[in-house]
Amino acid sequence: MSEELNTQNTGYSADSIQVLEGLEAVRKRPAMYIGDISVKGLHHLVYEVVDNSIDEALAGYCNHIEVSINEDNSITVVDNGRGIPVDMHEKEHKSALEVVLTVLHAGGKFDKGSYKVSGGLHGVGVSCVNALSTYLRAEVRRQGHIYMQEYSCGKPLHDVEIIGDTDETGTSVTFKPDGSIFTDTVYQYEILQNRLRELAYLNKGITISFTDRREKREDGSFRSEIFHSDDGVKEFVRFLNQANTSLINDVIYLNTEKNGIPIECAIMYNTGYRENLHSYVNNINTIEGGTHEAGFRTALTRVLKKYAEETCGKAIEKAKVEISGEDFREGLIAVISVKVAEPQFEGQTKTKLGNNEVSGAVNQAVGEALTFYLEEHPKEAKVIVDKVILAATARIAARKARESVQRKSPLGGGTLPGKLADCSSRNPEECEIFLVEGDSAGGTAKQGRSRLTQAILPLRGKILNVEKAMWHKAFESDEVNNIIEALGVQFGVDSEDDSKKANISKLRYHKIIIMTDADVDGSHIDTLIMTLFYRYMPEIIEAGHLYIANPPLYLCSKGNVKEYCYTDEARQEFIQKYGDGNEAGIHTQRYKGLGEMNSEQLWETTMNPETRILKQVTINDATNVDYTFSMLMGEDVGPRREFIEQNATYANVDA
Ligand code: 0RA
């Protein structure tokens with residue numbers, strides 16, 4: 001080795017130690033960089049890589065992105081952008097490509113001119129993906145050549161090589177997530193599908209193709225689809241509203257820029273009773289809201305209120321109602337997408353926009369577009385205003401219904417429903433309540449429970465489908481009121497407060513466990529109860545308090561050996577293990593319902609905290625959950641049937 005190279009090497013290795021430390025930190029504390037190491041984090045890796053391609057597209061250099069799940073659960077993302085630069089990076093003494101892939105946060109370093117508007121929630125860059133992959137291969141088409149470099153756990157396996165010539169440009173990244181870091185390394189088609197579809201709507205004009213190469217279909221093809229939207233969030237809101245009945249056929253749409261902030265927004269009204277606002281900042285779903293949502297709501301209230309008073313003042317007077325902000329949002333479904341150069345993310349999940357300047361910009365943009373629409377469309381405007389007046393009337397009816405319930409307990413402590421068998425502990429942290437299908441199973445559960453910490457609330461049959469009912473109807477339903485009262489959840493505590501937000505500060509149990517039969521009816525009841533929680537008390541799900549019990553399907557026995565089986569597979573295993581695959585000597589008791597178990601069996605299998613299996617209910621993808629619930633529980637039967645056919649996991653339970 002020459003003297004000169006050696007000197008260079010000293011500087012080089014000092015740098016490279018720093019670089020290695022950087023990526024070692026990612027491997028040591030992956031959750032700090034990508035959120036978590038479970039399914040979410042695993043899919044997050046794909047978003048990190050795709051985000052870079054989206055940035056390239058937003059800068060105007062790329063219009064096609066191809067995402068594949070490969071046979072071995074590795075991922076390939078290909079784009080037709082300019083390609084990551086490959087020339088020598090002066091400071092780091094290595095190719096720019098290697099720097100981008102091995103230095104933390106190196107992503108935006110080169111391109112100060114165009115601001116990075118995309119960028120995942122954690123915005124950590126593709127080097128993190130590299131650090132968390134056992135293998136990564138980057139291919140760059142640029143300057144007439146195909147450049148290639150491979151890495152393992154973030155370390156280059158060799159220098160950048162030229163492996164061919166090309167007249168195309170673009171970047172291709174293939175990576176295989178490290179199974180020693182992630183708890184799960186199997187990609188889920190639906191999760192990626194939802195995000196890629198969303199990205200296509202949020203960035204109109206880009207084509208994103210998606211292929212799952214793990215399994216061939218009967219006709220020999222792979223599952224594959226292409227996402228592309230010319231109309232952006234205007235199409236997105238129609239997609240989200242698919243399962244609802246539109247109040248007016250139009251989408252109120254705007255695509256503009258205010259004070260240097262690009263704003264795209266689409267608004268529809270449906271005949272439902274919920275507000276359904278999906279907001280995005282730099283392609284990130286801001287589920288906690290923030291200043292852009294505040295600006296939107298202010299504009300909506302301001303403009304609609306003014307219009308209603310000017311055109312329908314008499315009708316409002318006649319109805320004797322005071323219209324409040326939320327009345328304007330009943331049946332509203334909207335998507336708002338803003339791009340902010342330096343977003344401040346706040347809140348528990350860092351999905352709440354804090355930038356104050358955004359509020360005024362959105363307020364102005366939405367205000368202008370809405371005013372224009374109402375002026376141009378008086379017929380539609382009247383339909384909207386009529387619905388608003390109806391919403392105000394219903395809200396006041398709900399307040400009266402609630403007041404009459406709350407008056408029963410003048411001290412405000414809340415009454416407890418007569419059917420509740422409460423536990424004796426008053427420490428919510430150790431208390432659980434079982435919402436049990438049917439009085440007979442409820443009775444068994446009462447006998448079998450641990451009285452100190454377990455409460456039982458039997459429910460009669462199917463509770464109200466709140467997805468189809470006006471908001472106040474829930475408070476007129478006995479079963480729903482029983483649940484709300486037993487839990488100690490409060491809505492609009494003082495009579496002036498009509499807020500739809502649930503106050504869970506006095507929640508009496510930290511585990512709320514839905515316990516139903518393991519059959520089609522049971523799963524329907526599960527869904528109805530989950531819908532109630534999701535629509536009226538999402539705070540409970542978000543805090544991780546809602547669970548579903550998992551009763552066994554069978555008690556299998558052979559001689560003295562007895563085993564509860566929770567799935568058909570478990571039963572087959574039992575037959576394999578104790579009967580050598582022969583069912584003849586094996587006795588199977590099939591539990592058609594909870595009621596068939598005695599209290600001891602129910603305790604042992606479904607209620608005993610040490611041996612039971614609980615499934616926690618979580619909200620993974622708010623956009624999609626919203627859509628799924630309106631589809632499953634709403635008016636339109638078509639998409640529901642399709643969904644049930646595709647997800648018919650319960651079918652075999654009844655066989
Ligand atoms: C830095 C600078 C330039 C492009 C890129 C990064 C880039 C990164 C990725 C990641 C995936 N696809 C990508 N495409 C481009 C611009 C370099 C120039 O001026 O040509």
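This structure is a prediction, so every number in the text was calculated from the model and none was measured. All ligand and atom numbering here is 1-based and tracks the order in the structure.
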* Do Tyr135 and Tyr151 have their ring centres less than 6.0 Å from each other? ->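 No, ring centres 6.0 Å or more apart.
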Under 4.0 Å from any heavy atom of [X], which atoms of ligand 1 are there?
| X | value |
| --- | --- |
| Arg142 | 17 (C), 18 (C), 20 (O) |
| Asn52 | 10 (C), 11 (C) |
| Glu56 | 4 (C), 7 (C), 14 (N), 15 (C) |

* Asked: Can a salt bridge be assigned to the pair Glu467 and Arg535 using a cut-off of 4.0 Å between side-chain N and carboxylate O?
  -> yes
* Based purely on interatomic distance, does Asp79 place a nitrogen or oxygen under 3.5 Å from a nitrogen or oxygen of ligand 1? ->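 Yes, at least one N or O pair falls under 3.5 Å.
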* Matching residue for Thr286 among Glu293, His278, His292, Lys350 - test: side chain to side chain donor-acceptor pair (under 3.5 Å) ->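 Of all the options given, the one that passes is His292.
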* Asked: Where the closest heavy atom to atom 3 (C) of ligand 1 is concerned, which of Ala96, Ser172, Ala57, Pro85 has it?
  -> Pro85
* On the 0 to 90° scale, with breaks at 30° and 60°, tag the His43-Tyr187 ring pair as parallel, tilted or perpendicular. =>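 Perpendicular.
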* Taking atom CG of Leu353 and atom CD of Gln344, what is their separation to the nearest 0.5 Å? -> 8.5 Å
